[in-house]
There are 2 protein chains.
Amino acid sequence: MKPGPDPCCPPALEARDLRPIEGPEADDELASLAKAVGHPARVQILRLLARRTACICGDIVDELPLAQSTVSQHLKVLKEAGLVRGDVDGPRVCYCLEPRALRRLKALVGGL
Amino acid sequence: MKPGPDPCCPPALEARDLRPIEGPEADDELASLAKAVGHPARVQILRLLARRTACICGDIVDELPLAQSTVSQHLKVLKEAGLVRGDVDGPRVCYCLEPRALRRLKALVGGL
DNA sequence: GGGTCGTATCGGTACTTGGCGATGAAGCCC
DNA sequence: GGGCTTCATCGCCAAGTACCGATACGACCC
């Protein structure tokens, strides 16, 4: 039972900072995060989500010169990497950044 | 004419900081840098080069569980992304990090 | 010159990625 | 219910990536 109209993006849940910034696991983690960022369209999506402070739904499609199915694929990649979360809000889906993952990425890159 | 035995890694040459951290070009730049980092073996190589403060040659091959040709391929990717430089030192090649590119990557990721 | 060592490149194979249109599934509204 | 919207998923294809062994190149040493 939802109490109000509160659209999406509840406070983040897990604590995944605190993990080591070096070592084999960190290497793999950095590689998979970087891989997710390693496409211009996905960078654009991340920037878009960051600009509209909170989350927006798939009018991301309108902003990119790509078919809806392609954008959906990119969102899936970002979601699987943990960089983005998609909350179902009625018929539409509300995507937003996962700040922890972003912080983690920055920490890992900073550790290079 | 080289004056001395000075192995490699002369002072970095170009100034490629100062470029914008947002916008279409920055997006592409971030994407291509991230793509280069987006593989565990390449992360390991970067870490290796960072650890041995300066440059080392292809005993990187000894450190990785990969064939020599594969490592050479990864080095090529990193070199093309500008993250690494390879200076020929007699019969061997001396790789080292390109600190500017690394700084650039950190700045771009930080701008997310 | 002829080895030999260290790298790069080539060729091949298996897999992944990026793109699209078409189709499905889930939720709304009338 | 029927129809609409919104998004995910399913082929499908072309292109790219990862890996390897084999081969070629270049620089040294004898």
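Residue numbers start from 1 in every chain, and the chains themselves are labelled A, B, ... in the order their sequence lines are given, proteins ahead of strands.
- Side-chain contact between B/Asp28 and A/Val43 is absent, with no heavy-atom pair separated by less than 4.5 Å.
- Within 4.0 Å of B/Leu66, counting heavy atoms only, lie sugar-phosphate atoms of the nucleic acid but no base atom.
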Polar atom pairs (N or O), protein with nucleotides 9-17 of chain D, under 3.5 Å:
| from | atom 1 | to | atom 2 | distance (Å) |
| --- | --- | --- | --- | --- |
| D/dT17 | OP1 | B/Lys35 | NZ | 3.0 |

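- Protein chain A contacts DNA chain C over a range whose 5' and 3' limits, counting nucleotides with an atom under 4.0 angstrom from a non-hydrogen atom, are C/dT17 to C/dC28.
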**Request:** Give the intermediate values and the outcome of salt bridge (charged side-chain N to carboxylate O under 4.0 Å, His left out) for residues A/Lys79 and A/Glu98.
**Result:** CA-CA 9 Å; A/Lys79 206 162 43 178; A/Glu98 193 73 89; over 6 Å; no
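- Taking atom CD1 of residue B/Ile45 and atom P of nucleotide D/dA18, one finds them 11 Å apart after rounding to whole Å.
- Computed from coordinates, the A/Ile60 CD1 to D/dC7 C1' distance equals 11 Å when rounded to whole Å.
- A/Val109 is not listed as a side-chain neighbour of B/Val37, based on a closest heavy-atom distance of 4.5 Å or more.
- If one axis is set at each end of the helix from C/dG1-D/dC30 to C/dC30-D/dG1 from five pairs, those axes are 20° apart, to 10°.
- Protein atom CG of B/Leu75 is 13 Å distant from nucleotide atom P of D/dA18, rounded to whole Å.
- Sorted by first and then second residue, the pairs that involve residues 63-76 of chain B and meet side-chain hydrogen bond (donor to acceptor under 3.5 Å, both in side chains), not counting sequence neighbours, are B/Arg42-B/His74, B/Arg52-B/Glu63.
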**Request:** Might you work through the side chain to side chain contact (heavy atoms under 4.5 Å, CB included) test for A/Leu97 and A/Leu83, ending with a clear yes or no?
**Result:** CA-CA 6 Å; A/Leu97 291 179; A/Leu83 284 165; 6.0 Å; no
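- Under the rule for a side-chain contact (heavy atoms from CB on, under 4.5 Å), the partners of A/Ala107 that lie at least two apart in sequence or sit in another chain are A/Ile21.
- Expressed to the nearest 0.5 Å, how far CG of A/Leu46 lies from NE2 of A/His39 amounts to 12.5 Å.
- Residues forming a salt bridge (charged side-chain N to carboxylate O under 4.0 Å, His left out) with A/Arg92 (at least two apart in sequence, or on another chain): none.
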**Request:** Start with the C-alpha gap between A/Val93 and A/Asp87, add the side-chain angles, then the distance that decides, and say whether side chain to side chain contact (heavy atoms under 4.5 Å, CB included) holds.
**Result:** CA-CA 6 Å; A/Val93 178; A/Asp87 292 313; over 6 Å; no
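- Within the model, atoms CG of A/Asp27 and CD of A/Glu25 stand 10.0 Å from one another, a figure rounded to the nearest 0.5 Å.
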